[in-house]
Amino acid sequence: VVDFSRDPTAQGFFAPERFESRIYDCEVTGEIPKSLNGAFVRVATEWLYPPRYPHDSIFNADGLVAMFRFRNGIVDFTERWVHTARWQADLAARRQLYGLYRNPFTDDPSIQEETIAKPYLRTLANTNILTHGGKLFAMKEDGPPYELDPETLATRGPMTFGGKYRSETFTAHPKFDPVSGEMICYGYEATGLASNAIFLYTVNRAGEVTSEVRFKAPYVSMVHDIALTQKHIVIPVFGFETSLERLKAGKIHWAWNARLPTYFGILPRGGDAADLRWFKGPLCEMTHTFNARTVGEKVILEAPVGDSNPFPFFPADPGNEDPPTVKRGWHVRRYTFDLASRSEGFTEETLYSHPIGALGRIDDRYISLDNRYVYTQFTDPTRPYDEARAGNLRGRVTNCYARFDLHGRGLSTYFAGDTHSLGEPVFAPRHAGSPEGDGYLIGIASNLAEMRSELIIADATKLEAGDVARVILPFRLGSQVHGNWLAGDRLVFT
Ligand SMILES: [Fe+2]
């Protein structure tokens with residue numbers, strides 16, 4: 001019996017839909033810009049079977065990938081589960097075999113021996129979806145990426161990189177160098193559960209591994225995202241902890257610990273582990289980065305950053321909680337690391353004290369280069385909200401996108417409407433050769449009144465003017481983790 005009534009997070013708009021679908025020629029309001037040729041791809045977390053533990057993280061739900069394929073102002077939609085080994089095992093058993101987020105000691109006894117020995121078999125490919133070397137793949141940071149058919153989104157299987165990628169895990173945030181065409185990727189807990197090994201790889205334009213660097217983190221933590229410059233790689237380590245003892249005790253993988261310091265590893269591109277330098281400072285919460293650059297002897301990083309635990313399902317152990325005075329939320333901050341200094345410290349500046357969300361994007365053509373604009377979503381409680389139609393989420397809906405100017409000229413904002421909640425905004429250039437920031441913000445909105453999802457397309461240079469088009473779906477999409485715009489020339493579509 002499939003019964004989601006025990007899961008309080010799976011109700012109302014957030015009740016799982018659990019189907020695979022295809023819509024030819026989607027309903028559209030406004031006019032889709034004809035220059036947008038390519039695909040918006042995204043991945044949502046959705047349970048095929050209800051979780052075994054009601055306090056589990058939504059990050060432990062299956063991956064449901066979707067593609068909005070744009071051709072000359074027309075959009076076709078496809079959505080499919082990632083048929084991971086875990087998804088297939090659950091379907092064969094007709095129930096949830098897997099226990100808590102990244103803890104195989106809580107799995108069904110029938111599979112525990114295998115999942116403890118090979119925890120990467122538990123991966124869900126539910127966090128990000130990207131393309132490199134002519135392959136489309138979905139990924140989660142606890143196992144290998146899963147390759148997908150770019151036309152049908154059918155699952156082809158785990159990627160092996162010809163046996164040259166040796167980490168058991170693969171990040172959900174590989175970085176792409178727009179100059180060299182290389183992918184910089186890594187795995188943390190690279191040699192097994194609660195290991196502090198990080199393996200970092202360079203993969204060339206053709207998808208071949210060309211270098212591997214192995215090193216150890218100062219402590220085992222969630223290394224969800226990194227930042228890339230033309231000369232360096234920045235590796236943030238902060239705030240979360242785990243251990244084999246903790247996992248054997250049946251607890252969820254991560255605990256927040258407000259007493260931990262933050263480390264930033266700076267690795268020269270092309271260097272080896274001996275060249276890695278760790279900087280250390282007070283705790284900050286940097287799940288995602290915007291971008292970084294190397295200027296002379298300095299590495300400069302911008303990111304959406306907070307000071308407190310962002311995930312209530314990864315609570316602190318007693319004594320390690322955030323102090324009651326801690327401020328919640330994220331801001332646009334800049335970090336500067338001086339490689340000429342002998343100090344292990346770094347400088348931190350808040351560029352905008354405006355509250356933002358934890359997700360942040362840029363024009364991806366400027367990854368590792370000097371960029372001017374960053375994009376994020378945020379909650380503006382002063383905007384109108386139609387509680388009668390959209391329910392009692394007043395003050396809590398993510399109703400706006402923002403573009404922040406790193407050159408200090410302020411922000412511009414987009415408002416989605418009084419019944420809508422927004423996910424991550426993704427930047428799509430207006431044309432292949434458009435200057436930085438000249439293009440569109442694309443993302444999924446939940447229409448809480450109509451109980452369906454919409455794809456928003458807003459002109460990134462005129463956010464206050466509202467959106468230029470919306471793709472209207474006749475059903476709800478699951479909660480998105482990440483999405484990406486894949487311009488037509490980045491994938492071979494049949
Ligand atoms: Fe992420």
Side-chain angles (χ1 to χ4, degrees), residues 40-46 57-66 82 101-102 123-132 137-146 169-176 183-189 198 200 221-228 233-240 253-254 256 262 264 284-292 301-306 309-314 329-330 332-333 356-364 367 374-378 398 401 422-427 441-444 477-486:
F40 174 75
V41 290
R42 52 106 65 177
V43 59
T45 50
E46 188 144 310
S57 164
I58 186 66
F59 298 163
N60 199 30
D62 297 271
L64 196 51
V65 287
V82 186
Y101 174 85
R102 294 176 70 180
T123 196
L124 291 153
N126 69 4
T127 312
N128 206 351
I129 173 168
L130 284 161
T131 173
H132 185 73
F137 48 95
M139 70 223 94
K140 177 183 185 64
E141 63 205 48
D142 63 353
Y146 269 75
T169 60
F170 185 100
T171 177
H173 286 286
K175 295 292 178 197
F176 301 95
M183 173 171 72
I184 308 298
C185 53
Y186 64 98
Y188 71 89
E189 295 188 54
I198 299 177
L200 188 141
S221 195
M222 180 194 295
V223 185
H224 180 68
D225 196 3
I226 57 172
L228 187 68
I233 299 156
V234 186
I235 303 141
V237 174
F238 63 88
F240 291 98
H253 194 89
W254 297 119
W256 176 254
T262 294
F264 291 94
C284 63
E285 198 290 313
M286 192 188 291
T287 310
H288 295 104
T289 63
F290 285 124
N291 199 20
L301 163 74
E302 279 111 13
V305 184
N309 181 7
F311 301 127
F313 38 75
F314 299 145
W330 294 268
V332 180
R333 290 188 193 162
I356 59 170
L359 305 174
R361 298 298 295 257
I362 64 164
D363 180 338
D364 286 343
I367 288 172
V374 300
Y375 307 93
T376 184
Q377 83 285 24
F378 71 97
T398 304
Y401 291 152
L422 292 162
E424 174 190 50
V426 168
F427 181 85
L441 284 190
I442 297 181
I444 299 296
L477 292 177
S479 291
Q480 178 176 314
V481 186
H482 292 293
N484 288 287
W485 172 253
L486 309 178

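Remember, it's 1-based here, ligands and their atoms both numbered in the order they're listed. We're numbering straight along the sequence, starting at 1.
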- Query: Do the ring centers of Tyr101 and Phe314 come within less than 6.0 Å of each other?
  - Reply: yes
- The side-chain hydrogen bond (donor to acceptor under 3.5 Å, both in side chains) partner of His288 among His482, Arg361, Glu424 is His482
- Message: According to side-chain hydrogen bond (donor to acceptor under 3.5 Å, both in side chains), who are the partners of Trp254, at least two apart in sequence or on a separate chain?
- Response: none
- Listed partners of Glu141 passing side-chain hydrogen bond (donor to acceptor under 3.5 Å, both in side chains), at least two apart: Tyr188, His224
- Return the set of residues passing side-chain contact (heavy atoms from CB on, under 4.5 Å) with Asp142 (not counting sequence neighbours), or none when no residue passes. Arg102, Thr123, Lys140
- Query: List-wise, which protein N, O or S atoms are found short of 2.8 Å from the Fe ion (ligand 1)?
  - Reply: His173 NE2, His224 NE2, His288 NE2, His482 NE2
- Query: Have Asp225 and Thr289 got a donor and an acceptor in their side chains that come within less than 3.5 Å?
  - Reply: yes
